[in-house]
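To start, the structure under review is shown below, and the notes come after it.
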Amino acid sequence: MTLGAHDLQLFSPVLILLGTAAVAVTADLYSGKIERGALPFISLGGTVAAAISLLSLWGRNEEAFGGALRIDGLAVVMGLAACAATALSVLMSASYVRSSGIDFGEYYGLMLTAAAGAVMLAQANDLMSVFLGIEIMSIAVYCLTGITRDREKSTEAAMKYFIMGAFSTGFLLFGIALLYGAVVTTGGTEGILQSPSQSSLLRLDALARVPANTPLLAAGLALFLVGAAFKVGAVPFHAWTPDAYEGAPAPVTGFMAGVVKAGVFAALLRSATVAFPHLGLEWGGALAFLAAATMVVGNVCALAQTNLKRLLAYSSIGHTGVILVGIVVASETEHAAAAVLFYVIAYVVMTAGSFGLISLLAREGGELEDISQFSGLASRRPAAAAAMTLFMASLAGIPPTAGFMGKFLIFREAIQNREFLWLAITGIAASVVSAYYYLKIVVAMYMRDPAKGEEFPKGEDRWGAVLGLGLASIATIALGICPAKVLEWCNAAIQSVR
Amino acid sequence: MSAPILSALLVIPVAGAALVALLPRENAREAKLAALLTALLTFLVSIPLWTQFRPGNAAMQFVETRAWVPALGLTYKVGVDGISVLLVILTTLLMPICVLASWSITDRVKEYMAAFLILESAMIGSFVAQDLLLFYVFWEAMLIPMLLIIGVWGGRRRVYAALKFFLFTIVGSLPMFVAIIYLYFKSGAQTFDLETLRAALNPAGNEPLPLTVSAARWCFFAFALAFAVKVPIWPLHTWLPDAHVEAPTAGSVILAGVLLKMGTYGLLRFAIPLFPGTAAEFAPIMIVLAVIGVIYGSLMCLAQEDMKKLIAYSSVAHLGFCVLGMFVWNDKALSGSILQMVNHGISTGALFLCVGVLYERRHTRLLEDFGGIAKVMPWYAAVLIIVTLSSIGLPGTNGFIGEFLILLGTFQVKKLPAIFASTGVVLGAAYMLWMAQRVLFGRVTHEENEHLGDLRGREWATLLPLLVLIFAIGVAPNVFLNRVAPTVENYNRQIRAAIRHENERREAENRHRALMTPLEAPGPGDSRK
Amino acid sequence: MNEASRCLAVVPFLCLAGFLANGLLGRRLGRNGGAAVGVAAAIASFLFSIPVAREVFSTGEAVKADLFSWIDVSDLQVKFAFLCDRLSVIMLLVVTGVGSLIHLYSAGYMAHDASVPRYFAYLNLFMFSMLLLVLGDNLLLMFVGWEGVGLCSYLLIGFWFEDPEKAYAGRKAFIVNRIGDFGFALGLFAIFMVFHSFDYETIRANLGDSNIREKLLHTFDLGIWFVDVKLSLVGAITLAFFLGAAGKSAQIPLYVWLPDAMAGPTPVSALIHAATMVTSGIYMICRLSHLFVMAPPTMDIIAGVGGATAVFAALMALAQNDIKKVLAYSTVSQLGLMFLALGTGGFSAGFFHVFTHAFFKALLFLGAGSVIHALSGEQDLRRMGGLKNKLPATFATMLIGTLAITGIPPFAGFFSKDEILWKAWEGCLTGQNVGHGLVLGLLGTVASAMTAFYMFRLLTMAFLGAPRGSAEAHSHAHESPWTMTLPLIVLAICSVAAGFLNVPHALHGGAHFSAWLQPVVAAWPEIATAQHVSHHSAERGLMVVSTLIAFGVSGFALWIYLKRPGLPAEVIQKSPGLGQLYALVRDKFYIDEAYDRVVVRPVKLTAFALWIFVDVLIIDMFINVAALVAEVVSEAARRLQDGVVGTYAVWFLAGAMLLLGYFLYILGAA
Amino acid sequence: MLTLHNCLLLSAILFATGVFGVIARRNVLIVLMSIELMLNGVNIAFVSFARFYPGSSQAPAGHVFVLLTMAVAAAEAAVGLAIVIAWFRNRKTTDTEEMRSLRW
Amino acid sequence: MRDAFFVAFSFLAIFGGFLTVSRRDPMYSALSLILFFGAISGVMMILAAPFLALMQLMVYAGAILVLFIFVIMLLALRGEEIGGERPWPLQLLAGIGCAVLFGLIAAAMLRAPFQALPKVGPEFGSPEQVGRTMFAEFVLPFEVVSVLILAATMGAVVLAKKNLGKPEGPAVDAPKDHGGTH
């Protein structure tokens, strides 16, 4: 097999993103500070272009690079989610990076590269591309986390994130190795080995042909899940999340919360449907406990947080739990998979929004992190406060918002299956808790008086963040009120995987 | 149906809210005006609901159905019948009054008005929604605006009150959320459409009941909990006094006038029709709780020093009557309790307005800070007395009709509860007059009160419509009842039939099971799993 | 709808119009205007009721006026309609007639008050409600009026609301009445359960229906509450209604509000708390007499309570020094007599006493009013005396009133009271039910004897003897304006004449009044009425005895308070026992205090305790604790995140091992 | 004894050793090295699978994967060390237990 | 013979690994890594992957290890900067944990079917063969890895630069550049 125009076309979204990344970096290289204002536009343009090319791929379920990638609905939808997260984050960053002195090309370059990684991960159809996708994404994100390198917190976050990340990479890789072993050791009977193609050994569908009771498969799957669970921050692999989210610059946090989840959950769904269809129950059972633990721990820990970013980090853990519930149920009903897609999209939007607000309010001194610092925001910046309230409501799952629809979709599926009812009820209980801490923020913004001399920076020069917030808010409401179309796409996407 | 009146009612306030929000912050006055006009417009639009309503007709009217999310069985279906039409109009009527009553708000007027208008849409939505999930969406959508109204423009302990309100409600309603979804699947109807669900859950013929006894119990419990919190039914009522005390005047008016009705309305519209058998099974408990609410609430009033708290507790008592009237499935009682919902909205709303009048002048609500007000504010005194009388159900006022019908109807079915509840009427007289006396009569004890001005034009404008209604309903209740009655009769007929039928079916099933395998018969201790 | 019924339809609304005019435009009308409107409304209503009365008297048939259908829910259909039959026509005349007189009187009495319009507004509203009560053609309308008059008495008692005492008295009246109304309401519910209607006619008609009778007489066991009490349904119903009546007509145990009600302006006391409202209980029982006679136990209870009240109240009247309080207790006592009559089946007797009592008690109150007016607010008998010459008209009229109430022939009181006593003694004297009759009879006689005493005490202390009050107050005392004296005179005439409407057969009279009421009230006990004729001699004997007693006691009272004013004091000095008794009586047996201790305070205490313990301590505490626990758990949980990578790795490893173990177990086992 | 099992055991041992290093050591650099150990262990696994199940190919997928792993390892090492330097600039230490500014 | 070498290299590797994780001074660890990498490449040699063995030496020993040592010397750590040891109970716990982990994985591995060592041709795993496979079947990964390295370089440069503000000097080096742009 050689790489042809066809492959490149299918691969174009990733290429566009990477190209834009290179352009951003080089543009920065060969230009003075003046043109730096153009970087966001470049990156935005690239992202939009990538999104468009993704859309152009909608409906054609084809494989590229000899099956290494599969461009189908799932890939497109999750890719779009990643692009959306990127676009929003770029918007949010525009003013932030300038105020914190990291407005150089590499920032956008890394962001776009990570996005490319996520998009590729969403398309990955063999273990190797899964691995590479995750790695590209992760490495870029490590760097982004530490990019404000004169802030101790930032570097420390990067350090922790990196150590744990590399650690988990080891597990993931070992898992892949064992899966590979499982394929080859059992493949002889199936006659794959005789096939000239080596790459086919690593394809996900090859795993589907491995007998379920192969020990190597079991171990490999376990370690593979460990790696994935780490990336999405599921308990007990979540420990890095709060630190990384708190330490990273706000726009980056929003970015990684969304993009990483989009990519990894896409991979999980794909492997669940393509690689381990025959392990549905076991897979579901294992994740069910992870999901429950994740929802509980995440929300309970968030309750006592006073640092907004950290609180949102824990809340994101909680949401991971909910999504995992969806994935668990997906092993039974395919609607659940669609629900997962929808939830990820909703999550991307509202998270980007809520971190966007932090970026918007950041100033030279740094970010507003402590909840008390948001006191009285509503009286100084009503629009921002309103938007934040919207996002909080959405995260808490209060209608009519995207978050509510997402929860509704996922718990709907969970409740449908008697054996997952307990998950749904756990989730509901957890979201009661979550309602409380999201409320704390609203209370602070609206019902407390601003601290002495607390000046919230004005929004004039922050067109990007403002625009981003606006878009996120609209999307949050729209997804909450008329989700029909998006849901259709998600269903179609899932159909296309099967 | 000709014009989409209900949709208009849902859209106009939100649009108005958007308009208000877009106004620049400086001109608060324009914001108020815009809000007022929007509210009035909504009211005008809602008038056809009254005029074009076909009284003889028990079915849903002004129905609009559109696909919402077909994939999930969600439909946008709205309509009103005799039960809800009065409440919708009550809402649209109270809203301009609230806006007027909030004229003295100076802090963040835009947000205030916007919150109110959004709240109005949500409330109307919950009254007209005929799709369970649609209802749930509106139901929860009320939370945030109300939270802000209490928490931002409220009194000293407003944050506590707001949180309490929010958490009580959300803890109550999430189980309902689960139950709704559970029904969607277990009913086998695969829809959230209320009518279809009801039919599916109460099959007419001999096809098996979709829910097991325990499942039905859990679902009913989930629904009842959500609504019981809102009503509030004892002992879930403690959020109410705090919320009322802290909320701004208009907030209290809306809270008492409409929000609490959500609970009773929900019981009536959803909890009972969906699970008639279970409702009948739990009716004794509900009745007992209602009676406790009546007496307990009245007693509480005797212990209060804060006027708003007193009135809040009186709400507990009044709504106890409403709940009592719902669980006997007697036409008179039910008509009474529906009317009583409206009455309570009017009387208690007016009471809160009266308190607000004093509060604006003296910035206190403690009874001990007043006395002899009748001397300085005679008209105010007259109004307060009238409202008080209507609240204690004096004949000739609206309160009498409601309470009398409820008690009369209940007595036909259940003697003791009716008798005990009737004592609430005596206590009611005791505490309300006690309040009125301590505020109005005696000598003027505080010199600050010497020169309080009497009611102003704006305050008249807020109170007059309510006064008119108080007597209108009291003297000519038929005008209102004949819109309610057909629905009520039809409703009770259905429910009673359903109860009978379901009980027979369960009997049969149990006998059958007992014959088959004695062990599998579901006992009351059946758990959720 | 003929002319009479048209008038009937108008009558109550005239008063309503007066109320609205005075209430809404009071400021514009001013004092005189307000008074004029009020009086005009009352008189107009009287004039309009004349044709109605003529119609009724001429035909004997009821006049009806349907206005509109009021409440109409499923099987509950209540018309807003008026009915004026043989019973209500009398009340109609009394209310409008006496009412207009008292309105007129008030115009003079209140002339100097600050808020005349408000006063007349209330008074008109009262007339309206009272007429509703009387004329309503169904129990529900009666109930409306019933509560309406309660409201008005509340407003009028607390008319001078700036005095907290008065306001309190008003509230007390209302709440005590509400307790009675509670009974009334229960009665209504039960009635509806049986008859599915509130209309008098329907009820009356259906009483014949056998299975309804049988339903009514069906007795059920109340063993759950007390030890083995059997009560027939009708018994329960009538008891409930009697509770209502007791509340409104100030019988034991609900009489406590009436004495305090004297806080209101005196004309009000005359109209509401003597002539009309307080008698509505009797009216109601007469209305439902056919129901009551089905429940002998209730009848006995009524008789007993009535008798007891009569004596008890009279006893307290003996020792009061406030002129109005004396009259108030006397009213209670008289009402007690009426109930005594009702309880013994003398519906017409009781109602006749209502009729006559309306005149002379109103007269007495108004007279007292004019005395108070003359002494510019002085109400204490001990500071009066010697007013005979200052207020001749008042004195003359009040004398008549006194004679009437004392039961001196041939004044009105004689005939009515005699009939009551006869009904009371009847059981004894006819030997049907000796013990029963003896007790009731004695109660009645004692009560009337005491009446004679305290009335003459009052008269003497007020008008005769030497002035005891301050000299200049006495010198300023003057006869009242004609607006006040005129009503006195008219009422005095009535008090003389009214009696002759019902000269008993024993005196070869026609007993027209009883005859007139015959068709509308029940006859009970059947035997007695059957043998009525044969006991005229006994009846005459009773008359003589009671008359003698009346004369004797009155003379005694005159003698004491004229010749030996100090005597009571001395007696009390002599024997401490009597002294304590006197103190006890004077302080009204501490009933109010007892109620306060036993009922009012405990309720308030319970309320407070419940609030503190249940609401604040239990429910809210539970919630707060839950919140606290959540916070603590969360605080603990977040501490696990100690920030050390190594620890994170440990969890990671643990998780990895769990997953590995899980999959190896699940799949390895497969 | 050159058997698949032995090779795999070797890889597992090396992997476990690396894990131990990550958990038990406090010095960042040593932790990073331990991660390298883990990756090498994995490489051994790949290679041995490739060796014992070569299939028809002369260069099985395992080999290619090992190459990728090496590249990735190199990249990670570069990034990791860069982060170490950045962090060292701020905190003047390489002791992971000093990473306490983010916790709870 | 081959078995003996295998065993020897294995033990060397294990020993080297043990040394690496047990030294207190990173420099010693780094030095013992050399031993480890060497042993690994030996094992690879025995497992008939000469090209990989070569790569192992070049990449790991040649690049990564040098990088490590370079950084160690750059930081010129002093005692307290190196940081202390974890308390022994925790180390013990970690040891046990890792043992268990090893046990679990081993349990899975040992239940893999036994496979006799298949014969392979001399050119098995030769650079030529590997290259052929790679460019024939794994071209995407190959290209993507370049992206990965580009990203890594970018990040490393950004992170390791002295201070923020205007970046000085070229950020990326030319040869890696095209990796991102094709």
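The figures that follow rest on heavy atoms only: side chains count, while hydrogens, waters and symmetry mates do not. All values reported here derive from a predicted model rather than from experimental measurement. Convention: sequence-line order gives letters A, B, ...; per-chain numbering from 1.
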**Message:** With a 4.5 angstrom heavy-atom cut-off, is it the side chain or the backbone of D/Leu102 that approaches chain C, or both, or neither?
**Reply:** backbone
**Asked** Just by distance, do the side chain of C/Lys248 and the backbone of C/Gly180 share a donor-acceptor pair under 3.5 Å?
**Response** no
**Request:** Under 4.5 Å, counting heavy-atom pairs only, tell me which of C/Val650, C/Val645, C/Asp642 racks up the most with chain D.
**Result:** C/Asp642
**Residues, nucleotides or ligands: over 12 heavy atoms within 6.0 Å of C/Tyr595 OH** = yes
**Complete:** Counting heavy-atom pairs under 4.5 angstrom with chain D, the leader among C/Gln641, C/Glu635, C/Arg639 is C/Arg639
**Item:** Partner of C/Phe184 under ring-ring contact (aromatic ring centres under 6.0 Å, His included), chosen from C/Phe198, C/Phe189, C/Phe241
**Value:** C/Phe241
**Check: C/Arg118 side chain, C/Phe159 main-chain N or O, donor-acceptor pair, under 3.5 Å** = yes
